[in-house]
Amino acid sequence: MKSFIKSTIIILVVIFLIYFYFKEYRPKAESYDKLKTEEQVIIKELNSLRKENDSLKNVKSDNMTKYTYETMQKELNTDSIRIWKTEEGVKLEVKENKIFKKKKSDTTEEGDKILNKLLSSIANSNREINIEILIDNLNGKSAVLKVQRGLFLMEQLVNKYNIKRDSIKINVLLVQKGLSGINIELK
């Protein structure tokens with residue numbers, strides 16, 4: 001009798017497992033496999049769209065950088081401003097001694113004209129603006145002067161050319177002696 005009960009229990013467990021497999025497990029496993037396949041298709045599509053978007057963005061950025069660079073080079077044909085392309089965009093080096101009065105944050109007459117051209121070009125570029133103030137000595141009057149000049153440039157962009165303050169970043173960087181100055185980067 002014990003063997004009959006054991007056999008019956010084993011048969012019932014096997015029947016329950018078969019029922020569970022066909023009614024519960026197998027449909028869910030098939031549904032899972034189908035969802036997994038759909039997910040892979042969606043991921044492939046997203047990756048191809050992302051690559052396409054990135055390539056379009058790079059072309060647009062390269063053209064914009066080229067246009068900005070060439071336009072500024074023509075407009076700012078002067079020895080007071082050095083212009084070059086970077087990976088991010090266009091960078092301008094302001095030669096302070098030709099634009100600002102000696103040991104002051106005020107511009108000279110010639111410097112005012114050059115600065116107006118420069119800031120007008122920057123405002124028309126519709127790019128992110130990053131003013132880099134490069135100082136080689138934290139304790140000197142020259143460091144304070146450079147910061148004042150950088151703030152003067154920012155004030156002019158905000159007040160005279162209606163650039164939003166939030167779109168202008170100012171970074172003060174400590175550099176090796178002799179490399180101090182003011183750079184403006186357009187991204």
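When reading the values below, keep in mind they use all heavy atoms of this one structure, side chains included, and skip hydrogens, waters and symmetry mates.
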Rounded distance [0.5 Å steps], [atom1] in [X] versus [atom2] in [Y]:
X	Y	atom1	atom2	result
Ile131	Ile168	CD1	CD1	5.5 Å
Gln148	Lys141	CD	NZ	11.5 Å
Ile133	Leu173	CD1	CG	9.0 Å
Glu96	Lys104	CD	NZ	15.5 Å
Leu134	Gln176	CG	CD	11.5 Å
Glu45	Ile43	CD	CD1	12.0 Å

Treating Ile, Leu, Val, Met, Phe, Trp and Tyr as nodes and any side-chain heavy-atom pair under 4.5 angstrom as an edge, say whether [X] and [Y] lie in one connected cluster.
X	Y	value
Val158	Val147	yes
Leu17	Ile9	yes
Val144	Leu151	no
Ile182	Leu145	no
Phe20	Ile10	yes

TODO: For residues Ile184 and Leu118, determine if any side-chain heavy atom of one lies less than 4.5 Å from a side-chain heavy atom of the other.
DONE: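 SC-SC contact between Ile184 and Leu118 confirmed.
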Open item on the list: Taking Arg26 first and then Glu30, would you say they form a salt bridge - that is, a charged N and a carboxylate O separated by under 4.0 Å?
Closed with: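 Here Arg26 pairs with Glu30 in a salt bridge, since their nearest N and O are under 4.0 Å apart.
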Task: Set of residues satisfying salt bridge (Lys or Arg N to Asp or Glu O under 4.0 Å) with respect to Glu128, sequence neighbours excluded - done: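 Counting only residues at least two positions away or on another chain, Glu128 forms a salt bridge (Lys or Arg N to Asp or Glu O under 4.0 Å) with Lys169.
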Task: Residues that Lys28 engages under salt bridge (Lys or Arg N to Asp or Glu O under 4.0 Å), provided they are two or more places apart - done: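 Partners of Lys28 by the salt bridge (Lys or Arg N to Asp or Glu O under 4.0 Å) criterion, ordered by chain and then number, come out as Glu24.
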Please identify each residue that fulfils side-chain contact (heavy atoms from CB on, under 4.5 Å) with [X], with sequence neighbours left out.
X	value
Leu174	Ile135, Leu138
Phe152	Phe100, Thr107, Leu115, Gln156
Ser7	none
Ile18	Val14, Phe22

Task: All ring pair (Phe, Tyr, Trp, His ring centres under 6.0 Å) counterparts of Tyr21, not counting sequence neighbours - done: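 Ring pair (Phe, Tyr, Trp, His ring centres under 6.0 Å) list for Tyr21, sorted by chain: Tyr25.
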Open item on the list: One pair to check against side-chain contact (heavy atoms from CB on, under 4.5 Å): Leu186 and Ile129. What are the steps and the verdict?
Closed with: CA-CA 5 Å; Leu186 304 175; Ile129 302 167; 3.9 Å; yes
Would you tabulate the side-chain donor-acceptor contacts of residues 32-40 under 3.5 Å, counting partners in other chains and residues two or more places apart, or write 'none'?
{"from": "Thr37", "atom 1": "OG1", "to": "Asp33", "atom 2": "O", "distance (Å)": "2.9"}

- [ ] Write out all pairs satisfying side chain to side chain donor-acceptor pair (under 3.5 Å) with one or both partners inside residues 157-168, taking only residues at least two apart or from two chains.
- [x]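 Pairs touching residues 157-168 that pass the test: Asn116-Lys160, Asn116-Tyr161.
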Open item on the list: Walk me through whether Phe16 and Leu12 qualify under side-chain contact (heavy atoms from CB on, under 4.5 Å).
Closed with: CA-CA 6 Å; Phe16 175 74; Leu12 286 174; over 6 Å; no
Task: Partners meeting side-chain hydrogen bond (donor to acceptor under 3.5 Å, both in side chains) with Asp136 (sequence neighbours left out) - done: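 Expected list: none.
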